[in-house]
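Below is one structure, written out as structure tokens; comments come after it.
Keep in mind the model is a prediction, meaning the values are calculated, not measured.
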Amino acid sequence: MSFIAHLKLQLRDYFYLQDDYHPSAQVEAWRISSLRIMLVSILLLCSVFVIQSAWQSVIEKIAYVIPMALTFYVALTAMLLISRRHFYISSYGLLGLIVLAAISFNATQNNQTLSMLGPIVMYSTPFVAFILLGWRAGLFCIFLNIAPLYILINQISLADYFTPFPVQEHANYYLHVILFVFTNICIPLAIARASIAAKRGNQYNNERNQMLTSQNQLYHALFVDAQTAKIIIDSDRKIIEANDSAKSLLRSSLPKHFIGEHLNYIFPELSERDDSMVVNRTMGAKMKVLELSAQSINDELHTLITIQDVSAKALLHKTLAVQTQARQRQKLYDENIGLPNRQWLENKLSTNAEQFNTAISLCAIRINNAHFIEQKYGFLYLPKVLKRLSTLLSEQMGERSVIAVLDRHSLGFAISIVDDAVIKSAMNQVIAGLPRSMVIDGLTIHVDCKVGVATHTVNEDVSRLINNALHAVTDNDAVINYYEMGSQQRFIEHQEISILLNEALSNDELYVDYQPKVRGDGSIIGMEALLRWSSPIIGGVSPGVFIPIAEQSGLVLRLTRWLVNHVCIQIRQWEDEGLDIVPVAINISGPDLDQADFKKYLINCVVEQNIKPHFIELELTESAKTQNIPDAIATVQYLASFGFCITLDDFGVGYSGLSKLTNFPVQRVKIDRQFITNIQSDAKNAQVVEAIVAMCKVFKIDVLAEGVEDLREVDCLLEMGCKSFQGFAFARPMSRRSIAKLIDKTQMPNVKLPLKRQNKINQ
């Protein structure tokens, strides 16, 4: 803080310019401020003249001036020092000094004019008295000023009654200046300070009135006009005030006038230590639930008691509690079947494990023909069948049996048998005891049941045990199935791969390798697009793993369309690069042909990329089964007429090969690799291949042998009349960059496979 700022702060505090109240003085700050302003201004502004006068008195040898001046200055200084602690003494002392100065003026000046200045000085006492001491002292000074008025009118001078004092040369100048300073500086400054204090006081009163008005409005809003019942008690816990809501609420059970009564008269339950409480009262022949809350008011001598009628809330809570209990019962009970549900069984087995001697086995009985029953007899009969089945199981297993509904088609029960031989014997007895048909409402309903059994292991919860039993009952077609961890693990892995494969289609994790197709001399006549998958989570996944899973989950349709679009884009890119394009084969499944818009999608891809249809070879797998063979044949014929090459893949594996060969517009047949391996030494496979080649010659269909891994197999096949090949003997699947080098005639003209340094191409 700078020196000037610190000085200002000191002056403001010394002269009480903030109008703060000081309890030690019991006087308003502005009065102390006015007193100090007058005393300091008198001391400062008159000091020069007094010092000059004293100097002149020494020169002129006038002895009375210096003692008189010192007396006044000492008195003024003393009054300044005690101005706060002894304000009234200092104020009365200032009035006394003014009177004493007036007398001194009149008694020491022989000059008539100067001697009359004394009574004039006394005229200022009412101003000083009104400012410092109030109206009583001011009125007293007004009456006291009758004396100087009389002196002035009669021109009385005390100097006439005393020995004349020598008069200073400049006494006229000094006295008039002192009088001027006192009446025009000291008193006006004090009046100005009082005026400022009055203005601030008025502003403070206005703010106070506004605050009181706001508090009054708030008081009415929060207490008087509040809809909530409220009462105020004093330190003796007596009721001193109550709002209209409290009077209306309490008068129904209390006397009309309860103000002044002790709180115990109304609420004896609420002690001084309680902040809140809920009590019951009978009011107007009705039971009321009241919530009481106590809160101390600012002065801590009074307490506000809030009374809320929470009868409706309490009733609602009670109703909700009843409904919650009902919902809890519903959660544990199957209303349609009339039996406990899976959640009940889990709770029962978890809380009553001591009921079973050792570990437990969970058995799930599933109605295998549940859908048939629902479709033939209606959805209401399946719950009746399950109910009847549970009754039969209870009779067979005894009263201690724990039977519940696991899902819409299955019941579950627990037995305390863990020995494999005993469990199998018990399950055989259960199945043998179940009826093959039931008569319900006059209808004979055939029932086909299966059983899945899972045994509890260490650290295995009941929910997992039930899941294992349900998995076992659907694991295969056997009547009784026992849970095996490996089968469920495979099931989970298949499901996880299916989920990851679905994400892979969107995350660009799939790519395509290409395997060349060649003639016997090694010249390239085409290639097959082979789908590959590299997952960032589980790494590279073999097509032999994810393709069957895709067929089971229905993702094969999306995979085929992705592959078609990707191959068309790649062919377009190769053509733009000026490469020698050969047909690219794409595997087409039966579900693809069942899609009504598949042919439209395929043709649109070809048209959008502006490539010729004969560059796309469609390989129909032997295992691909269609739901509608006539529609599939029509689709293939339409695509063949559009220019696509139709190839029958895996020929010889299934039983529908000949049918497809005659019904579909096939242009090429791929002999499955199982007939090609070691054909030079396997006479039976050689005979089959010879028959296939001979038959294809009749239909004028090209024959290609896939899976060729040995050049000796190639020589043998050439002798049989097979002229096209695909396999490791010529080339492994390659990346698109490597295959592009093979079909780039500018870099590798008249290329023949196999290459001696095949690894260079794959780099």
**Report entry** Pairwise side-chain contact, Ser463 with Arg342, heavy-atom cut-off 4.5 Å (strictly under)
**Finding:** yes

Query - Derivation of the side-chain contact (heavy atoms from CB on, under 4.5 Å) call for Leu339 and Trp344 - result: CA-CA 10 Å; Leu339 290 173; Trp344 177 87; over 6 Å; no

Query raised in the report: Do the side chains of Asp407 and Leu470 get nearer than 4.5 Å, heavy atoms only?
Result: yes

Query raised in the report: How about Leu362 and Leu345: do any of their side-chain heavy atoms sit closer than 4.5 Å?
Result: yes

Query raised in the report: Around atom CZ of Phe130, are there more than 12 heavy atoms of other residues, nucleotides or ligands at under 6.0 Å?
Result: yes

Query raised in the report: If you round to the nearest 0.5 Å, how far is OG of Ser33 from CZ of Arg84?
Result: 14.0 Å

Report task. Find the distance between CG (Leu80) and CE (Met38) and round it off to the nearest 0.5 Å. Result -> 11.5 Å

Report summary line: When rounded to the nearest 0.5 Å, the distance separating CZ of Phe140 from CH2 of Trp135 is 14.0 Å

Query - Straight-line distance of Ile499 CD1 to Asn502 CG, nearest 0.5 Å - result: 8.5 Å

Query raised in the report: Under a 4.5 Å cut-off applied to non-hydrogen side-chain atoms, are Leu95 and Leu133 in contact?
Result: yes

Report task. Tell me, please, which residues at least two apart from Ser124 pass side chain to side chain contact (heavy atoms under 4.5 Å, CB included). Result -> Ile98, Phe182, Ile187

Report task. Could you grab the distance from atom CG of Asp234 to atom NZ of Lys238, nearest 0.5 Å is fine? Result -> 7.5 Å

Query - Pairs satisfying salt bridge (Lys or Arg N to Asp or Glu O under 4.0 Å), at least one member in residues 31-42, at least two apart - result: Glu28-Arg31

Query raised in the report: Between Ser83 and Ile32, what is the shortest heavy-atom contact and its length?
Result: O-CG2, 4.3 Å

Report summary line: Looking only at heavy atoms, the pair that brings Ser34 and Leu132 closest together is CB-CD2, 4.0 Å

Query raised in the report: Ala129 and Cys141: which non-hydrogen atoms are nearest, and at how many Å?
Result: CB-SG, 3.6 Å

Requested in this report: Answer yes or no: is there a side-chain heavy-atom contact under 4.5 Å between Gln295 and Thr306?
Outcome: no

**Report entry** For the student: nearest non-hydrogen atoms of Gln343 and Leu332, plus distance
**Finding:** CG-CD2, 3.4 Å

Requested in this report: Rounded to the nearest 0.5 Å, what's the gap from CD1 on Ile305 to CZ on Arg237? Could you check?
Outcome: 6.5 Å

Query raised in the report: For Arg408, what residues pass the salt bridge (charged side-chain N to carboxylate O under 4.0 Å, His left out) criterion, not counting sequence neighbours?
Result: Glu374

Report task. For Gln210 and Asn206, run side chain to side chain donor-acceptor pair (under 3.5 Å): C-alpha distance rounded to whole Å, both residues' side-chain angles, the deciding distance at 0.1 Å, then the answer. Result -> CA-CA 6 Å; Gln210 292 178 358; Asn206 291 335; over 6 Å; no

Report summary line: Smallest heavy-atom separation, Met79 atom then Ser90 atom, equals O-OG, 2.8 Å

Report summary line: Nearest heavy-atom approach of Gly338 to Tyr333 is O-OH, 2.9 Å

Requested in this report: Would you sort out whether Leu500 and Glu503 count as a side-chain contact (heavy atoms from CB on, under 4.5 Å), showing the intermediate values?
Outcome: CA-CA 5 Å; Leu500 292 174; Glu503 296 176 354; 3.9 Å; yes

